[in-house]
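Note that the numbering runs from 1 along the sequence shown for the chain. The figures that follow rest on heavy atoms only: side chains count, while hydrogens, waters and symmetry mates do not. Keep in mind that this is a model prediction, so the values were computed, not measured.
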Amino acid sequence: MAQQQTLRLRINGQETPLTLDSRVTLLDALREHTDLTGAKKGCDQGQCGACTVHVNGERVLSCLTLAAQADGAEITTIEGLAAPDGTLHAVQQAFLAHDAFQCGYCTPGQIMSAVACIREGHAGSDDEIREYMSGNLCRCGAYTHIVAAVREAADQLQGAAHESL
Ligand code: FES
Ligand code: FES
């Protein structure tokens, strides 16, 4: 028998209590039980990366994460990436500048993945970016532009981190 559970998720800095069937994935909790539809469902089987969000700062596939596993955790979705005044994150800005998307369906996952990829220190070269972004599929074939965008954002963010040392 399915059980209802009340979870306390912190989504983009806001306490979000949700009472859900214990089988609900984090992706469906976000998309169907809050108004956050940025994370996309491309496969629901962990193979495409369209559902990538951050849980406690780490990239996860939200289609393979039960909402219950994220109880009490800090979740960041694409909607929470820009600054409160609307200033885009460096990765969002770089995706625009480099035309790193066409249909935009893979883009929230690509961007969340790229932010984590840079934070993990896996954006040192184009080859490394290609490898560590390979969990995010793009049917529009924007890969070359995605690598360029991640490279630029990484240089910018790492440069900024260096200056603040
Ligand atoms: S929808 Fe999660 S990996 Fe495809
Ligand atoms: S921009 Fe269309 S799937 Fe990537």
Side-chain angles (χ1 to χ4, degrees), residues 9-14 25-31 34-65 69-70 73-165:
L9 307 182
R10 252 187 95 70
I11 307 173
N12 300 332
Q14 285 206 316
T25 62
L26 179 58
L27 178 59
D28 287 343
L30 292 168
R31 290 187 52 81
T34 77
D35 58 0
L36 301 171
T37 54
K40 297 287 186 272
K41 187 184 287 185
C43 71
D44 216 17
Q45 305 178 20
Q47 291 175 354
C48 75
C51 64
T52 306
V53 301
H54 295 176
V55 174
N56 293 332
E58 311 243 325
R59 50 179 162 173
V60 304
L61 297 172
S62 61
C63 73
L64 293 188
T65 307
Q69 290 173 274
E74 190 72 47
I75 296 151
T76 310
T77 69
I78 190 71
E79 291 90 343
L81 208 54
D85 70 358
T87 305
L88 294 180
H89 186 282
V91 174
Q92 292 175 304
Q93 200 70 259
F95 267 62
L96 280 173
H98 288 271
D99 283 333
F101 56 93
Q102 291 180 38
C103 75
Y105 198 85
C106 73
T107 313
Q110 299 281 3
I111 290 178
M112 297 311 286
S113 209
V115 171
C117 177
I118 294 168
R119 202 182 278 154
E120 292 159 12
H122 287 141
S125 67
D126 287 1
D127 277 350
E128 194 180 17
I129 292 168
R130 269 191 283 274
E131 181 175 346
Y132 282 89
M133 289 296 293
S134 64
N136 291 82
L137 304 185
C138 174
R139 288 294 292 272
C140 299
Y143 296 116
T144 310
H145 297 242
I146 290 170
V147 172
V150 177
R151 193 66 199 273
E152 183 188 280
D155 288 350
Q156 201 185 322
L157 291 167
Q158 282 154 1
H162 212 70
E163 276 164 28
S164 67
L165 286 179

Exercise. Under the 3.5 angstrom rule, does the side chain of N56 hit a backbone N or O of E74 as a donor-acceptor pair?
Worked result: yes

Exercise. Are K41 and D44 ion-paired here, with the side-chain N under 4.0 Å from a carboxylate O?
Worked result: yes

Problem set entry | Closest heavy-atom pair and its distance - S113, N136 | OG-OD1, 2.7 Å

Exercise. Taking side chain as C-beta onward, heavy atoms only, is I118 less than 4.5 Å from Y132?
Worked result: no

Exercise. Closest heavy-atom contact between A123 and V150?
Worked result: CB-CG1, 4.4 Å

For this session: For I78 and M112, run side chain to side chain contact (heavy atoms under 4.5 Å, CB included): C-alpha distance rounded to whole Å, both residues' side-chain angles, the deciding distance at 0.1 Å, then the answer.
Result: CA-CA 7 Å; I78 190 71; M112 297 311 286; 4.1 Å; yes

For this session: Dump the intermediate steps for side chain to side chain contact (heavy atoms under 4.5 Å, CB included) on I75 and R10, then the final yes or no.
Result: CA-CA 6 Å; I75 296 151; R10 252 187 95 70; over 6 Å; no

Exercise. Are side-chain N/O atoms of T87 and D85 paired as donor and acceptor at under 3.5 Å?
Worked result: yes

Problem set entry | Main-chain N/O of V91 paired to H89 side chain as donor or acceptor, under 3.5 Å | yes

Exercise. In Å, rounded to the nearest 0.5 Å, how long is the span from CG of L9 to CG of L30?
Worked result: 7.5 Å

Exercise. Looking at C51 and S62, what are the two nearest heavy atoms and their distance?
Worked result: O-OG, 2.7 Å

Exercise. Between T76 and N12, is any side-chain donor less than 3.5 angstrom from a side-chain acceptor?
Worked result: no

Problem set entry | Heavy-atom side-chain contact between L64 and T25 under 4.5 Å | no

Exercise. Does the pair E120/R59 count as a salt bridge with the N-to-O cut at 4.0 Å?
Worked result: yes

For this session: Please confirm whether the backbone N or O of E128 pairs with a side-chain atom of H122, one donor and one acceptor, at under 3.5 Å?
Result: no

Exercise. Can you name the nearest heavy-atom pair linking R119 to G57, along with the distance?
Worked result: NH1-O, 2.8 Å

Exercise. What distance separates C117 SG from I129 CD1, expressed to the nearest 0.5 Å?
Worked result: 6.5 Å

Exercise. Given side chains that start at C-beta, do those of V55 and L26 come closer than 4.5 Å, heavy atoms only?
Worked result: yes

Exercise. Within a strict 4.5 Å, meaning less than it, do heavy atoms of the I111 and Q92 side chains meet?
Worked result: yes

Exercise. So, do L36 and R31 sit near enough that their side-chain heavy atoms are less than 4.5 Å apart?
Worked result: no

Problem set entry | Minimum-distance pair of heavy atoms, taken over all atoms of C48 and C43 | N-SG, 3.5 Å

Exercise. Taking side chain as C-beta onward, heavy atoms only, is L96 less than 4.5 Å from F101?
Worked result: yes

Problem set entry | Side-chain (Y105) to main-chain (K40) donor-acceptor, under 3.5 angstrom | no

Exercise. Should V60 and T52 count as side-chain neighbours, where that means a heavy-atom distance under 4.5 Å?
Worked result: no

Seminar exercise, completed: Note: Q93 and L88 closest approach over all heavy atoms is NE2-CB, 3.9 Å

Problem set entry | Test log, rule side chain to side chain contact (heavy atoms under 4.5 Å, CB included), inputs V115 and H54 | CA-CA 9 Å; V115 171; H54 295 176; 3.8 Å; yes

Problem set entry | R130, CZ atom: more than 12 neighbouring heavy atoms under 6.0 Å | yes

